[in-house]
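Naming convention: chains lettered A, B, ... in sequence-line order (proteins, then strands); numbering from 1 in each chain. Here the structure is a predicted model, which means the values were calculated and not measured.
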2 protein chains.
Amino acid sequence: MNEPALLPKSQSTLADVARLAGVSVATASKALNDKPQVRAETRARVKAAAEQLSFLPNILAQSLHQQRTGTVGLITSDLEGRFSIPILLGAEDAFGAGAVSVFLCDARDDAIRERHHLRALLSRRVDGIIVVGSRPDPRQTLGRNIDVPVVYAYSPSLHENDYSVVVDNYGAGRMAIEHLLACGRTKIAHITGDPSYGATHERAAGARAALNENGLDFVSGHPLEGSWSESWGRGAAHMLLSQGHDIDGIFCGSDQIARGVLDTLREAGRRVPEDIAVIGFDNWEAFAANSRPQLTSIDMQLEKLGNLAARKLFSILDGETARGIEALPCKLVYRESTAAL
Amino acid sequence: MNEPALLPKSQSTLADVARLAGVSVATASKALNDKPQVRAETRARVKAAAEQLSFLPNILAQSLHQQRTGTVGLITSDLEGRFSIPILLGAEDAFGAGAVSVFLCDARDDAIRERHHLRALLSRRVDGIIVVGSRPDPRQTLGRNIDVPVVYAYSPSLHENDYSVVVDNYGAGRMAIEHLLACGRTKIAHITGDPSYGATHERAAGARAALNENGLDFVSGHPLEGSWSESWGRGAAHMLLSQGHDIDGIFCGSDQIARGVLDTLREAGRRVPEDIAVIGFDNWEAFAANSRPQLTSIDMQLEKLGNLAARKLFSILDGETARGIEALPCKLVYRESTAAL
DNA sequence: CTGAAAGCGCTTACAG
DNA sequence: CTGAAAGCGCTTACAG
């Protein structure tokens, strides 16, 4: 009763389909691709044959004819770091499930590996490339003599003719401070991270601009720079308190810093947000949503960034030209650690 | 002085190289591929021409001849979850930079998306597929009539003829308890996560086996199941203390739970590790290394898992056969939250 | 409406 | 040692 499956284990070809349907390869091709010049009955027969053989067209062969392969290369500098992932997801989303396939290449912040990956991608004739940086600082161009469009995300290219999408860190700094001001806070400190990051200074500059416009400045006179860690947050907050500063708001450079700040404040008996409002940065769910109280934070909208990068790549493939740096605004995510006085 | 670059923007072909070198396409091919039957001088001339034209062979065309395309599909269920990433990195590592290219497909835990991606991968004639699950529980097979090898990682396939590599959760449970026992602890509790996870029960079973072998059991008589969150860790620890249990060790189902446990213990004035030793699970750096004290934890060695999956895929491509489930041992990462009494 | 032929960019026996 | 020819799996003018 159950006839042995005669389906070949190896992929069947168009020729197999054509033979089974009793037509030529050319006709089979037209039938499957819904070209108009095929009789309905013939088309049906071919499609049935394809179905029966589980025929999947060999895209490699197809691509040899078209200019596009339907593939895109995604070069990340550092997948381990958590910022690449949402960008990558946002891009993947724009590609749709299966319509465009993405080659993932992790260069591990190594220029040699990056060259290797680039060669491979070009050899595979990808339609375009997205380069995702590991930090927001500018990076070298992949090269200007690449014959497919390249879009840089997060970490902009240093070459003025390249196109990059980045986070608006200056605007994010303003946004954080404006929220604290809206909460009625005026004695504001800024505990931030690694000063070797350009973003550290951009955010601080945006923050300071917002303060200055309101006749204010950081209570300590300048941002406290350190590292992106909880322990720095704890230490810096402790210092601030022991120096006797009168403070009612703290803008933190990362959620991890904010977490440390919250710990110190709680242990010092300061209430958040009643006495001191605290705002973090990154909106890292695991940290922001699990702290006590839950952390108001700035979200860089990295998925949007990745999505924009991918859509821009398609526009460029469609003939649009693009160059320069485009900055995407951040978003405030309101939780419990800030509130109006 | 600077002559205009005449390099064509569009990729040059072997025919271009052959023409420039003054040889046939066949000879050019042999020269570039280091076949023996080519005169040294000719080979040099061809290579120089290729260099001059920045020639990159079209792998699509090459693949049409060979059985292998040098590509692998990586289907993840949920990239957002942090467990996929290290697995993916481990696999990527096994592929080498550029030798094998990987197509990344995020199915978002959606069977329809997964089918689409599978079709696309098969159409692109990948040499093999790795399926990375989002949770350690078994999953449906991708299908048994796929004509390339498939390896499942993290989440095993339900089909007995498929091959899967998974985490040894039972062994991990034993390992955690054996460490606490080695630290001289005997009054041990287990605060773990979501009971809908198979891993929750496997770890608990391993833990209990190790206790029983030493004539012990969990102080509360059974594991405390809840969610993988800090707040559950805080609450469960609080309950344990207020119930008056005499405790000198706690095995936590995740680092987040452990983090909550540490907070409660500190606030209750219990010293870690002096009074109570605490061990976490996942070895999530951001949590384990930033807690006070730093957290001893169980590392699932996911990079190794991904690496093994990739290497196994190659072995299968080389003719080896594999089926069933292979469990990889975890590793204890010793930090400050555990110590000998 | 259907099919033979040429071609996409390569590789590989097979002659010379 | 070199090159003409066939072929990988498809598509697309071009005839019929």
Side-chain angles (χ1 to χ4, degrees), chain A residues 8 10-47 49-50 53-71 119-120 122-127 147-148, chain B residues 8 10-47 49-50 53-71 119-120 122-127 147-148:
Chain A
S10 60
Q11 304 273 15
S12 46
T13 70
L14 228 208
D16 298 327
V17 173
R19 199 173 305 122
L20 181 58
V23 298
S24 73
V25 180
T27 300
S29 170
K30 288 170 204 149
L32 292 179
N33 290 310
D34 289 319
K35 301 284 179 189
Q37 347 83 301
V38 179
R39 193 151 49 103
E41 194 269 330
T42 308
R43 183 188 314 287
R45 198 147 34 88
V46 172
K47 289 203 169 176
L53 295 174
S54 313
F55 173 70
L56 283 177
N58 183 327
I59 299 195
L60 304 180
Q62 288 183 158
S63 298
L64 229 40
H65 290 268
Q66 294 138 214
Q67 16 246 351
R68 294 197 184 181
T69 55
T71 58
R119 280 185 67 90
L122 261 17
S123 246
R124 294 194 186 282
R125 300 298 189 263
V126 293
D127 297 331
D147 47 10
V148 297
Chain B
S10 60
Q11 304 274 13
S12 46
T13 71
L14 229 208
D16 298 328
V17 174
R19 198 173 307 120
L20 182 58
V23 298
S24 72
V25 179
T27 299
S29 170
K30 289 169 205 151
L32 291 179
N33 291 309
D34 288 321
K35 301 283 180 191
Q37 347 83 301
V38 179
R39 193 150 50 104
E41 194 268 330
T42 308
R43 181 187 315 287
R45 197 145 35 87
V46 172
K47 290 203 168 176
L53 295 174
S54 313
F55 172 70
L56 283 176
N58 183 328
I59 298 194
L60 304 181
Q62 288 183 158
S63 299
L64 229 39
H65 290 268
Q66 295 138 213
Q67 17 247 352
R68 296 198 182 179
T69 54
T71 58
R119 279 186 67 87
L122 260 17
S123 246
R124 292 192 187 283
R125 300 297 189 264
V126 293
D127 297 330
D147 48 8
V148 298

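Here salt bridge (Lys or Arg N to Asp or Glu O under 4.0 Å) pairs that include residues 17-27 of chain A, with residues two or more places apart or in two chains, are A:Asp16-A:Arg19.
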### Query
Do A:Thr69 and A:Asp127 pass the side-chain contact (heavy atoms from CB on, under 4.5 Å) test, and can you show the C-alpha distance, the side-chain angles, and the key distance before you say yes or no?
CA-CA 6 Å; A:Thr69 55; A:Asp127 297 331; 3.4 Å; yes

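Base contact: A:Val25 has a heavy atom under 4.0 Å from a base atom. Within 4.0 Å (heavy atoms only), A:Lys30 reaches at least one base atom of the nucleic acid. Residue-level contact check: B:Thr27 touches the bases, meaning some heavy atom is under 4.0 Å from a base atom.
By the salt bridge (charged side-chain N to carboxylate O under 4.0 Å, His left out) test, B:Lys30 pairs with no residue at all, sequence neighbours left out. B:Arg68 pairs by the salt bridge (charged side-chain N to carboxylate O under 4.0 Å, His left out) definition with B:Asp318, not counting sequence neighbours. Under the side chain to side chain contact (heavy atoms under 4.5 Å, CB included) criterion, B:Leu20 pairs with B:Ala49, B:Gln52, B:Leu53, sequence neighbours left out. A:Thr42 is linked by a side chain to side chain contact (heavy atoms under 4.5 Å, CB included) to A:Val23, A:Thr27, A:Val38, A:Arg39, A:Arg45, A:Val46, counting only residues two or more places apart in sequence or in another chain. In this structure, B:Arg125 has no salt bridge (charged side-chain N to carboxylate O under 4.0 Å, His left out) partners at least two apart in sequence or on a different chain. Residues passing the side chain to side chain contact (heavy atoms under 4.5 Å, CB included) test with B:Arg119, sequence neighbours excluded: A:Leu56.
Put simply, chain B comes within 4.0 Å of DNA chain C, heavy atom to any atom, from C:dG9 to C:dA13, going 5' to 3'.
Of the residues in residues 58-65 of chain A, those lying under 4.0 Å from DNA chain C by heavy-atom distance are A:Leu64, A:His65. Taking a 4.0 Å limit (strictly below) on heavy-atom distances, residues 37-47 of chain B does not reach DNA chain C anywhere.
Between the P atoms of D:dA4 and C:dG7, the separation comes to 16 Å (whole Å).
When all heavy atoms of A:Ser63 and B:Leu60 are compared, the closest pair comes out as CB-CD1, 3.6 Å.
Counting only distance, with no hydrogens or angles, the side chain of A:Arg43 and the backbone of A:Lys35 share a donor-acceptor pair below 3.5 Å.
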### Message
Once pairs are restricted to Watson-Crick or G-U wobble with both distances under 3.5 Å, how does DNA chain D read as a dot-bracket string, [ ] for crossings and | for other-strand pairs?
### Response
|||.||||||||.|||

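In the displayed structure, A:Glu41 atom CD is contacted under 6.0 Å by more than 12 heavy atoms of other residues, nucleotides or ligands.
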